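Read through the structure below, which is laid out as structure tokens, and then see the notes.
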Amino acid sequence: MSKDRSDFFDRVYEVVALIPSGKVTTYGHIAQHLGLKSAARTVGWALNGAAASGLPCHRVVNRFGALSGRLKFGNPFAMEDQLRNEGVAFLDDGTVDMALHLWDPDEAVGRKPTSSS
DNA sequence: CACCTGACAAATT
DNA sequence: TAATTTGCCAGGT
């Protein structure tokens, strides 16, 4: 349908909104699910406004599991606190344990967009 | 109208 | 093995 705005952003919002509690995903995985594995940068840019959109963008971290956008939550501790509140384990580096909480959209959706366009 | 920046990631030299 | 460069989309200057 009319996607003359930013179908890319909309898709990012959809995927981020699907992230289950206690799980986290990376910008690259979202981008890859959208078909643009290299557009991880654009995904981060999309989340730039997602924090105000009510999306669980706190469940999105970079490929290292580091809370790259925690400064966008108003309180840099809000993101970490939120994830810990959901049962996410943090490493000594202050990063999320990707080995336990990595959530793949491609796998969760079954490699198929549920957007039922 | 053209160039630069931005919550990243992967490939190449 | 490490450092550098490119790719991606949108928005701001």
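What you see is a predicted model; the values in this text were computed from it and never measured. Chain identifiers are assigned alphabetically (A, B, ...) following the order of the sequence lines, protein sequences preceding nucleic acid strands; residue numbering begins at 1 within each chain.
As rounded to whole Å, 11 Å separates atom P of B:dC8 from atom CG of A:Leu71. In this structure, the OH atom of A:Tyr13 is 15 Å from the P atom of C:dC9, given to the nearest Å. In this entry the distance linking CD of A:Glu80 with P of B:dA7 reads 19 Å, nearest Å. Note: CG (A:Leu34) to P (B:dC8) measures 17 Å, nearest angstrom. Atom-to-atom, CZ of A:Arg41 to P of C:dT5 comes out at 14 Å; the value is rounded to the nearest Å. Per the geometry, CZ belonging to A:Arg70 stands 11 Å off C1' belonging to B:dA7, to the nearest Å. Rounded to a whole Å, the CG atom of A:Asn48 is 10 Å from the P atom of C:dG12. Remark: C1' of B:dC8 and NZ of A:Lys37 are 14 Å apart, rounded to the nearest angstrom.
Looking at the side chain of A:Phe9, the nearest of the listed nucleotides B:dA7, C:dA10, C:dC8 is C:dA10. Comparing B:dA7, B:dC8, C:dG7 against the side chain of A:Ala40 picks out B:dC8 as the nearest. Distances were taken from every side-chain heavy atom of A:Arg63 (C-beta onward) to each of B:dG6, B:dA10, C:dC9; the shortest belongs to B:dA10. Closest to the A:Phe8 side chain, of the nucleotides C:dC9, B:dA7, C:dG7, is C:dC9. Here the side chain of A:Trp45 is nearest to one of B:dA7, C:dC8, C:dC9, namely C:dC9.
With hydrogens and angles ignored, no donor-acceptor pair closer than 3.5 Å exists between the side chain of A:Tyr27 and the base of B:dA9.
On the P atoms, C:dT5 is 15 Å away from B:dT5, given to the nearest whole Å. Comparing C:dT6 with B:dC4, their P atoms are spaced 13 Å from each other, to the whole Å.
The shortest distance between the side-chain N/O atoms of A:Lys72 and the OP1/OP2 oxygens of B:dA7 is below 4.0 Å.
Checking side-chain atoms of A:Asn62 against main-chain N and O of A:Phe64 turns up a donor-acceptor pair under 3.5 Å. No side-chain donor-acceptor contact under 3.5 Å links A:Gln32 to the backbone of A:Lys37.
Using a 4.0 Å heavy-atom criterion, one finds that A:Asn62 contacts the sugar-phosphate atoms exclusively. A:Ala50 comes within 4.0 angstrom of nothing in the nucleic acid, heavy atoms only.
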- Steps toward side chain to side chain contact (heavy atoms under 4.5 Å, CB included) verdict (A:Trp45, A:Val12): CA-CA 10 Å; A:Trp45 181 242; A:Val12 173; over 6 Å; no
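Two different hydrophobic clusters hold A:Leu83 and A:Val60 under the rule that ILVMFWY side chains link at heavy-atom gaps under 4.5 Å.
Considering CE of A:Met98 and CZ of A:Arg63, their distance stands at 10.0 Å, rounded to 0.5 Å.
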